[in-house]
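For clarity, every value in this text was computed on a predicted model and none was experimentally measured. Order of listing sets the numbers, starting from 1, for every ligand and every atom in it. Note that these values count all heavy atoms, side chains included, but never hydrogens, waters or copies made by symmetry.
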Amino acid sequence: MRGRVRVPGDKSISHRAVMLGALAVGETRVTGLLEGEDVMATAAAMQAMGASIDKVGEEWRIQGVGVGGLLQPAAALEMGNSGTSTRLLMGLVASHAITAAFTGDASLSRRPMGRVIEPLSRIGASFTPSPGGRLPLMMTGASVPVPIEYRLPVASAQVKSAVLLAGLNTAGITTVIEPVATRDHSERMLRGFGADLEVEEADDERVIRVRGEADLRPQAIEVPGDPSSAAFFIVAATLVEGSDLTIENVGLNPTRAGIVSVLREMGADIEELALRGVGGEPVADLRVRHSPLKGIEVDPAVAPSMIDEFPILFVAAALANGRTVTRGLDELRVKESDRLSVMAEALVAAGARVEETADGLIIDGTAGEPLSGTADNPIRTHLDHRIAMSMAIAGLVSRAGVEIDDTRPIATSFPAFTTLLEQATR
Ligand code: S3P
């Protein structure tokens, strides 16, 4: 792994840029937007509810409808594989007097939506979900939404953001209390668009208040590179002997950068170059050189700041010297797939030593010895982009290579993944 690669725009920030741009009055311009399927699902939904969204050269231009101005969509909102689109858009619809149907693929249709249905019902929205609180579902937003105070029962930036977005068109102050900090892109960007939003840190809790009936002012936004996409290249360069790879423009918001500190604790050599601010977020280029890793106990408290990086961390642990223990990861079971059991099965199939527990994995690493790889038994990726990419990286450090059953889900978050991987391994 040598040279330089530039990872695409941050998925979380891209979704929010499209949504808030579509709610501002006037034209928002976005560069570096992630053009993955998930973000395009958000853009199509915002267009279906009245915004106009076009790409001119390298720039996305969004004409918003104004808070309160969303129109009733003429057809079901197709969410594809995207939990973020679904939950955040449900928040927006909840405080507009419109009816919308949400549909998704087989993976998304298995994921729990009760976590947003519950607070959004208190605001006054009504729902007809499929059994188990799942998609496909139909919802009608409140005509007179009620401001709520909501304590998050799960550490989830999606649930937090759904409530805050609903609060934008709700008279009064909507409050979310986070017992554990999760990614704060919604808060940063809402402020950037001029919303009246306050964050109070008290006794290990974050209390976030947003004043409703907001007027959002259009912005020029530059989306930083996605640390969750960079993570595949950080781990690859760490594991592959002889590597010296620079990954450009990586967002290092502290609520996202847990993977960097955990890999460093395991012995990774990650240097931050040209630290700067992009779009209200800290960003650096990361120079990563090969380094042997040692197994560690991963502190469950870092989980929210690297919740999407566990599949690739498990690959790193499979090659480390000694045992890596992870726990407190129940949330991984309700991602695009059950990432604990799917990664345990995939890594074992590729020759790693892995034990699955109720809320984590215990991995005994090979101390740098390559994995055997898969022969003619492709890894089942279960419509989960991060399983596909993680196991592709595992293939780089295996004797026989790793075959996966389906690369298509990679396009949901990182369409250029294979091209960049070929570029860096040439
Ligand atoms: C996201 C929040 C996380 C993360 C997802 C993106 C977001 O989900 O896994 O990929 O953009 O808010 P949860 O809120 O379910 O933890």
Ignoring angles and geometry beyond distance, decide whether Glu331 reaches within less than 3.5 Å of ligand 1 through its nitrogen or oxygen atoms.
no
Between Arg134 and Ser109, is a side chain to side chain donor-acceptor pair (under 3.5 Å) present by the stated rule, with each step listed?
CA-CA 6 Å; Arg134 295 181 211 279; Ser109 304; over 6 Å; no
Among protein heavy atoms, which sits nearest to atom 11 (O) of ligand 1, and what does the distance come to when rounded to 0.1 Å?
Ser12 OG, 2.7 Å
Among all protein non-hydrogen atoms, which one is nearest to atom 6 (C) of ligand 1, and what is the separation to 0.1 Å?
Thr84 OG1, 3.4 Å
Is any NZ, NE, NH1 or NH2 atom of the basic residue among Arg333 and Glu356 found under 4.0 Å from an Asp or Glu carboxylate oxygen of the other?
yes
Should His185 be listed as contacting ligand 1, given a heavy-atom distance under 4.0 Å as the test?
no
Polar-atom distance check: Ser156 versus ligand 1, any N or O pair below 3.5 Å?
yes
Please list, in number order, the atoms of ligand 1 under 4.0 Å from a heavy atom of Asp308.
4 (C), 5 (C), 9 (O), 10 (O)
Where on Arg183 is there a heavy atom closer than 4.0 Å to ligand 1, on the side chain, on the backbone, on both, or on neither?
side chain
Looking only at protein heavy atoms, which one is nearest to atom 1 (C) of ligand 1, and how far off is it?
Gln158 NE2, 3.6 Å
Charged N-O contact under 4.0 Å between Arg339 and Asp384
yes
Show the nearest heavy-atom pair for residues Arg16 and Ser161, with the distance to one decimal.
NH2-OG, 3.2 Å
Do Glu178 and Lys160 sit within salt-bridge range, that is, some charged N less than 4.0 Å from a carboxylate O?
yes
Could you tell me whether Arg323 and Asp364 make a salt bridge, using a distance below 4.0 angstrom between a side-chain N and a carboxylate O?
yes
Would you say Lys335 touches ligand 1, if touching means a heavy atom closer than 4.0 Å?
yes
Is Arg264 paired with Glu272 through a side-chain N to carboxylate O contact shorter than 4.0 Å?
yes
Nearest non-hydrogen protein atom to atom 12 (O) of ligand 1, with distance, is Arg16 NH2, 2.7 Å
Is there a polar contact between ligand 1 and Ile307, counting only N or O atoms under 3.5 Å apart?
no
Please check if atom CZ in Arg380 has more than 12 non-hydrogen atoms from other residues, nucleotides or ligands closer than 6.0 Å.
no
